[in-house]
Amino acid sequence: MKTRFKLLISIVLIIMTIAGFLYENDYAMLEKEVNIKTKQGNLEGFLAMPKEKNEGIVIFVHGDGPQNATQDGGYKPLMERFAKQGYASVSWNKPGIGDSAGNWLDQTMDDRAKEVEEVIEWAKQQKTMNTEKIILWGASQAGWVVPKVQQNRTDITAAILVGPAINWLRQGEYFTTMEMKRAGKTDEEIQSELDKDEQASNLIESGASYKEYMQKTNDKSLSEDRYTFVQKNISADGTEDIKKINSPVYLILAENDENVDSKDTLKTYKEWLPETQLTVKTILGVKHSMLNPYLHDSEFLIYVSAILAPKDTLISKVYLDYCEEIVRHI
């Protein structure tokens, strides 16, 4: 009898686990792979359509790195929230990722902005999509991309910017400082590293070749492609573009951001955008990625959460709720 009871309990637990897994990976939206044609080549895209009302679209603009369309599924919990409010989400593999043509490391921030505009024009040609409302969502490095698009167009309803960077060099200095503090380095050690970084940056800005850079710095952290990307973008500063933004901005900051200096970002946006155009929200307890605070310090928990329960445990609920609230009231 006891053996049967244990077996029954085991079966129930297995069924509950499978049911939970299926629920957590079944999003309330219609998912579709799409091919986005641009002048630079085709982009492998991802479209998440709402199941009921069709209010508008959200264009996702990646941060740094070789990002695929859904950030390995990490965007889906947010896309589902947008879908529940009637918004389609459009994202794509960066050039050179998957079947997207090109190489994202060849792009400047202006190139990235033009790419976003081409995606918008593509979306306008799709009969199934309502483009009366166009919202740009962008994170981190997108802080140098989205304002360029906003100042260049009159059809952008609003932008949601998550931890956007302002100045390439200041961000690098902040990132290095925070990284070394986590490692327990002294103020003297941190300053020494910052001085070394400054010398390397000056060399990159001077137009030095990759070979010359390697000979003088022996920096093994940069591949030649990455070096080219840095050299093209090291002078990036969003201030002038921010000044010319002509649509609302919802600025979302992480309380414990160790990648981007939230104070610098907040100061810049408040200085150049009127209160009527700027809405600011700081999400408490989270870091740059907006992950659930309980997962931050464990790669294992992040991995398990991403597989077993991404919808309810991977991303900060406060952040997801707020993003959904934004589109509900636009």
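Numbering starts at 1 and runs along the sequence shown.
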Does a sphere of radius 6.0 Å around NZ in Lys32 hold more than 12 heavy atoms from other residues, nucleotides or ligands, not counting ones at 6.0 Å or beyond? no
Could you check whether Trp137 and Tyr75 have their ring centres less than 6.0 Å apart? yes
Evaluate salt bridge (Lys or Arg N to Asp or Glu O under 4.0 Å) for Glu240 paired with Lys243, printing each intermediate quantity in order. CA-CA 5 Å; Glu240 291 304 313; Lys243 291 179 184 179; 2.9 Å; yes
Got a sec, which residues hit side-chain contact (heavy atoms from CB on, under 4.5 Å) with Lys148, two or more places apart in sequence or on another chain? Met109, Asp110, Ala113, Asp241
Does a side-chain N-to-carboxylate-O contact under 4.0 Å join Arg153 and Glu117? yes
Find out whether Gln171 and Asp264 are in side-chain contact, i.e. whether some heavy atom of one side chain is under 4.5 Å from a heavy atom of the other. no
Please find the pair of heavy atoms, one from Pro293 and one from Gly285, that lie closest to each other, and give the distance. CB-O, 3.5 Å
Can a salt bridge be assigned to the pair Arg170 and Glu173 using a cut-off of 4.0 Å between side-chain N and carboxylate O? no
For residues Tyr210 and Thr228, determine if any side-chain heavy atom of one lies less than 4.5 Å from a side-chain heavy atom of the other. no
Taking side chain as C-beta onward, heavy atoms only, is Thr128 less than 4.5 Å from Asn54? no
What do you reckon, is CD of Glu132 surrounded by more than 12 foreign heavy atoms closer than 6.0 Å? no
Check Lys133 against Thr157 and note the closest heavy-atom contact, atom names and distance. CA-OG1, 3.2 Å
Quick one about Lys37 and Asn35 (side-chain donor to acceptor, distance below 3.5 Å, no hydrogens or angles considered), yes or no? no
Pairwise side-chain contact, Asn233 with Gln141, heavy-atom cut-off 4.5 Å (strictly under): no
Check this for me, if you would: do Lys232 and Asp111 make a salt bridge, where the nitrogen-to-carboxylate-oxygen distance has to be below 4.0 angstrom? no
Linking I/L/V/M/F/W/Y whenever any side-chain heavy atoms sit under 4.5 Å apart, do Val327 and Leu78 land together? yes
Salt-bridge criterion met for Glu193 and Lys196 (N-O under 4.0 Å): yes
Quick check on Lys53: does its NZ atom have over 12 non-hydrogen neighbours (other residues, nucleotides or ligands) under 6.0 Å away? yes
Could you tell me if the side chain of Leu320 sits less than 4.5 Å from the side chain of Pro77, heavy atoms only? yes
Do the charged groups of Lys76 and Glu31 touch, with an N to O distance under 4.0 Å? yes
Determine, for Arg81 against Asp321, whether the closest basic-nitrogen to carboxylate-oxygen distance falls under 4.0 angstrom. yes
Are the side chains of Leu291 and Leu314 in touch, meaning some heavy atoms are under 4.5 Å apart? yes
Can you find a heavy atom in the side chain of Tyr227 that is under 4.5 Å from one in the side chain of Asp219? no
Crowding at CD, Glu33 (>12 non-hydrogen neighbours, <6.0 Å): no
Should the pair Glu115-Lys94 be classified as a salt bridge under the 4.0 Å nitrogen-to-oxygen rule? no
Provide the full list of side-chain hydrogen bond (donor to acceptor under 3.5 Å, both in side chains) pairs with a residue in residues 265-287, sequence neighbours left out, each pair given once. Lys287-Asp297
Can you tell whether the side chains of Lys311 and Glu80 come within less than 4.0 Å, N to carboxylate O? yes
Closest non-hydrogen contact found for Ile204 with Tyr213 is CG1-CE1, 3.8 Å
Applying salt bridge (charged side-chain N to carboxylate O under 4.0 Å, His left out), name anything that partners Glu198, two or more places apart in sequence or on another chain. none
Side chain to side chain, Met79 and Phe46, heavy atoms closer than 4.5 Å: yes
